[in-house]
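For reference, the structure is listed below as structure tokens.
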Amino acid sequence: MIEVGAKAPPFKLQDHLGRTVDSEGLLGRRHVLLCFYPLDFTPT
Amino acid sequence: MPALDALRDRLRASHTLACGASVDSVYSHAAWAAALGGIRMPLLADFNPKGAVAASFGMFLAPAGITDRATVLIDADGVVRHASSVTPAGKRDMDALVKLCEELDASWSGALPAFEDGPGLSAGTELFVKDHCMFSRWSSYVRTNLGLEASLPMTNVTRDPAQGERLAAAGGKNQAPALLHDGTVLYESKDINAFLVERAADRW
């Protein structure tokens with residue numbers, strides 16, 4: 001697991017509304033809470 | 001994810017973009033989120049290469065082919081401030097995680113721009129769909145996931161053919177999905193979805 005204090009790896013992914021979320025574009029604008037989960041249609 | 005999406009106001013106030021992420025496709029994400037009543041926060045498709053982003057955070061469980069139920073808080077400078085796992089079978093304390101975001105934001109010295117809302121939909125905007133059509137379904141998922149079920153009427157032209165004639169009179173074609181808005185009609189689901197997102201989604 002990545003360590004606290006490390007630089008987060010950049011990511012650029014499509015979302016369920018057809019948007020692209022690009023971590024580079026969020027720098028200086030947003031904190032990001034990234035919540036990984038095992039699979040859709042499973043309890044969260 | 002619905003539990004986190006419900007804390008949207010607190011996340012917005014603390015300049016935090018919350019995202020879900022799994023190895024599923026955007027289509028699976030859209031259907032799942034709509035089945036849960038709609039999710040507005042981005043659900044990211046870490047689909048190709050499968051789990052690559054999760055792996056870059058050390059949170060891909062390769063033997064099982066799924067991601068861990070794990071959370072990372074990244075600050076606006078791109079530095080990891082929190083990383084934790086509750087294991088796939090565990091349950092996250094979403095309230096505690098949002099508190100971490102609030103504490104981070106309260107201690108942040110730089111100025112971050114506020115979230116903005118889109119301008120919304122004009123009165124009279126209407127979505128036309130038909131049965132057994134994946135494009136119609138895709139647009140109806142976007143409607144649900146943006147929380148537009150109460151404000152955007154949806155008309156099924158398969159079940160009520162007279163409505164298809166009304167659509168043809170408005171836009172020139174009886175073809176669904178279609179979005180009637182501001183005196184014009186969009187006929188491509190990709191265009192419909194992009195329009196709905198532009199008007200009704202959070203802007204971060």
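Residue numbers start from 1 in every chain, and the chains themselves are labelled A, B, ... in the order their sequence lines are given, proteins ahead of strands.
- For the residue pair Asp40(A)/Tyr37(A), the side-chain donor-acceptor check at 3.5 Å is satisfied.
- Both the backbone and the side chain of Val72(B) come within contact range of chain A, judged by heavy atoms closer than 4.5 Å.
- For His16(A) and Trp32(B), the gap between ring centers reaches or exceeds 6.0 Å.
- Remark: Asp117(B) engages Arg12(B) in a salt bridge (charged side-chain N to carboxylate O under 4.0 Å, His left out) (not counting sequence neighbours).
- If you measure heavy-atom distances from Ala34(B) to chain A, you find no contacts under 4.5 Å at all.
- Side-chain atoms of Asp15(A) and His29(B) include no donor-acceptor pair closer than 3.5 Å.
- Neither side chain, Arg69(B) nor Ser85(B), offers a donor N or O lying under 3.5 Å from an acceptor on the other.
- Interface summary for chain B: among Gly18(A), Gly28(A), Pro10(A), the most heavy-atom pairs under 4.5 angstrom belong to Gly28(A).
- Thr20(A) and Gln14(A) form a side-chain donor-acceptor contact under 3.5 Å, judged by distance and modelled atom types alone.
- Val23(B) has its side chain within reach of Phe60(B): a pair of non-hydrogen atoms, C-beta onward, lies under 4.5 Å apart.
- In the model, Ser22(B) has a side-chain atom that pairs as donor or acceptor with a side-chain atom of Asp24(B) under 3.5 Å.
- Among Gly58(B), Ala18(B), Ala83(B), Ala21(B), the residue with the largest count of heavy-atom pairs under 4.5 Å with chain A is Ala21(B).
- When heavy atoms are compared at a cutoff of 4.5 Å, His15(B) approaches chain A by way of both its backbone and its side chain.
- If you check the side chains of Ser14(B) and Glu102(B), you find no donor sitting under 3.5 Å from an acceptor.
- Looking at Arg30(A), the atoms closer than 4.5 Å to chain B (heavy atoms on both sides) sit in the backbone and in the side chain alike.
- For chain A, the nearby part of Ala33(B) is the side chain; its heavy atoms alone come within less than 4.5 Å.
- Contact of Glu3(A) with chain B is made through the backbone alone, with heavy-atom distances under 4.5 Å.
- Using non-hydrogen atoms only and a strict 4.5 Å limit, the part of residues 37-57 of chain B facing chain A consists of Ile39(B), Arg40(B), Met41(B), Pro42(B), Leu43(B), Leu44(B), Ala45(B), Asp46(B), Val53(B), Ala54(B), Ser56(B), Phe57(B).
- Contacts of Leu196(B) with chain A are absent, with no heavy-atom separation under 4.5 Å from either backbone or side chain.
- Heavy atoms closer than 4.5 Å to chain A are found in both the backbone and the side chain of Phe115(B).
- Remark: Tyr27(B) OH is loosely packed, at most 12 non-hydrogen atoms of other residues, nucleotides or ligands lying under 6.0 Å away.
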